[in-house]
**Student:** 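Take this structure first; my questions come after.
Just so it is clear, the values below take in all heavy atoms, side chains as well, and ignore hydrogens, waters and symmetry mates.
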Amino acid sequence: MSEPSFKEDYRNLFNLFNAIYPLSEEIKVAIVDNSDLIHVKKKVKLLSVGELSNTLYFIVKGAARIYYLDREGKETNTWFLFENELLISIYSFYTGKPSFEYLETLEDCNLIAVKREKLEEIYLKHMEFNFSGRKLTEFYHMRNEIQANELRMLNAKERYQKLMERNPQLFQRVSLGHIASYLGISQETLSRIRKLK
């Protein structure tokens, strides 16, 4: 891999980790050597229900969603992820059990993909990197908890307002149908709320 490409594609991933704990050059090289840069078209399922999640993705460019199907087969979106975020089925990746959700691209994506066994090798060789991994995992768990609490405790209008404050880009890049599903409301209800603002 050429040096300019190395720097451009991995810069934001390294910045993410550096914000938690400084990355040594050795760890940077290990990350590059143990990962792949991939391009994926939009509407591609990276993971389906029943499959084992053994890959962690970092979104260099693009957008993706995580969703599951309810008993009637209706999609419910649980996560939308964009540039500089990790795309992962947390439960399946860390337990080694089959996934109950889908990972799907919403836009054409450039991704850095790391297999679980390669990540484990980096953790074993570079113990300080475990701290960064733990902190990132905690962040995503907290984010999930915030979302679950909002669904339980806020009404539809309040959930919409929180989402607008936290992630306004969502409404430029994700369909209203997907956003309504994420908020636990119908698309018609979401349209009414948006007209009232």
**Student:** Set out, in order, the CA-CA distance, both residues' side-chain angles and the distance that settles side chain to side chain contact (heavy atoms under 4.5 Å, CB included) for Asn34 and Ile122, then state yes or no.
**Tutor:** CA-CA 8 Å; Asn34 289 284; Ile122 298 171; 4.0 Å; yes
**Student:** Quick check on Tyr21: does its OH atom have over 12 non-hydrogen neighbours (other residues, nucleotides or ligands) under 6.0 Å away?
**Tutor:**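 Atom OH in Tyr21 is not crowded, with 12 or fewer foreign heavy atoms closer than 6.0 Å.
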**Student:** Does atom CE of Met142 have more than 12 heavy-atom neighbours, drawn from other residues, nucleotides or ligands, at distances under 6.0 Å?
**Tutor:**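 Yes, enclosed.
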**Student:** Do the side chains of Glu107 and Lys42 get close enough for a salt bridge, i.e. N-O under 4.0 angstrom?
**Tutor:**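 Looking at Lys42 together with Glu107, the answer is no, because their closest N to O distance does not fall below 4.0 Å.
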**Student:** Do Glu75 and Leu69 come within less than 4.5 Å of each other through their side chains, counting heavy atoms only?
**Tutor:**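 Sidechains of Leu69 and Glu75: in contact.
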**Student:** Would you mind listing every ring pair (Phe, Tyr, Trp, His ring centres under 6.0 Å) that reaches into residues 53-78, with sequence neighbours excluded?
**Tutor:**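 Ring pair (Phe, Tyr, Trp, His ring centres under 6.0 Å) check on residues 53-78 returns Tyr67-Tyr102.
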**Student:** Looking at Tyr160, does the NZ or CZ of Arg194 lie under 6.0 angstrom from its six-membered ring centre and within 45 degrees of the ring axis?
**Tutor:**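 Not satisfied by the 6.0 Å and 45° rule.
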**Student:** So which atom in Thr55 and which in Ala113 form the shortest heavy-atom distance, rounded to 0.1 Å?
**Tutor:**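 Looking at all heavy atoms of both residues, the closest pair is CG2-CB, 3.8 Å.
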**Student:** Can you name the ring-ring contact (aromatic ring centres under 6.0 Å, His included) partners of Phe100, sequence neighbours left out?
**Tutor:**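 Partners of Phe100 under the ring-ring contact (aromatic ring centres under 6.0 Å, His included) test: Tyr91.
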**Student:** Report yes or no: do Glu51 and Ser99 form a side-chain donor-acceptor pair below 3.5 Å?
**Tutor:**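 Short answer, no.
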**Student:** Taking only residues two or more places apart in sequence, or in another chain, which ones meet Tyr140 in a ring-ring contact (aromatic ring centres under 6.0 Å, His included)?
**Tutor:**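 Partners of Tyr140 by the ring-ring contact (aromatic ring centres under 6.0 Å, His included) criterion, ordered by chain and then number, come out as Trp79.
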**Student:** Thinking salt bridges, do Arg143 and Glu85 make one under a 4.0 Å N-O criterion?
**Tutor:**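 Answer for the salt bridge query: yes.
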**Student:** Any chance you could lay out the side chain to side chain donor-acceptor pair (under 3.5 Å) test for Arg192 and Thr189, step after step, and finish with the verdict?
**Tutor:** CA-CA 5 Å; Arg192 281 199 298 274; Thr189 300; 3.3 Å; yes
**Student:** If you group Ile, Leu, Val, Met, Phe, Trp and Tyr by side-chain heavy-atom gaps below 4.5 Å, do Leu154 and Ile179 land in one group?
**Tutor:**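 Different clusters: Leu154 never reaches Ile179 through Ile, Leu, Val, Met, Phe, Trp or Tyr contacts under 4.5 Å.
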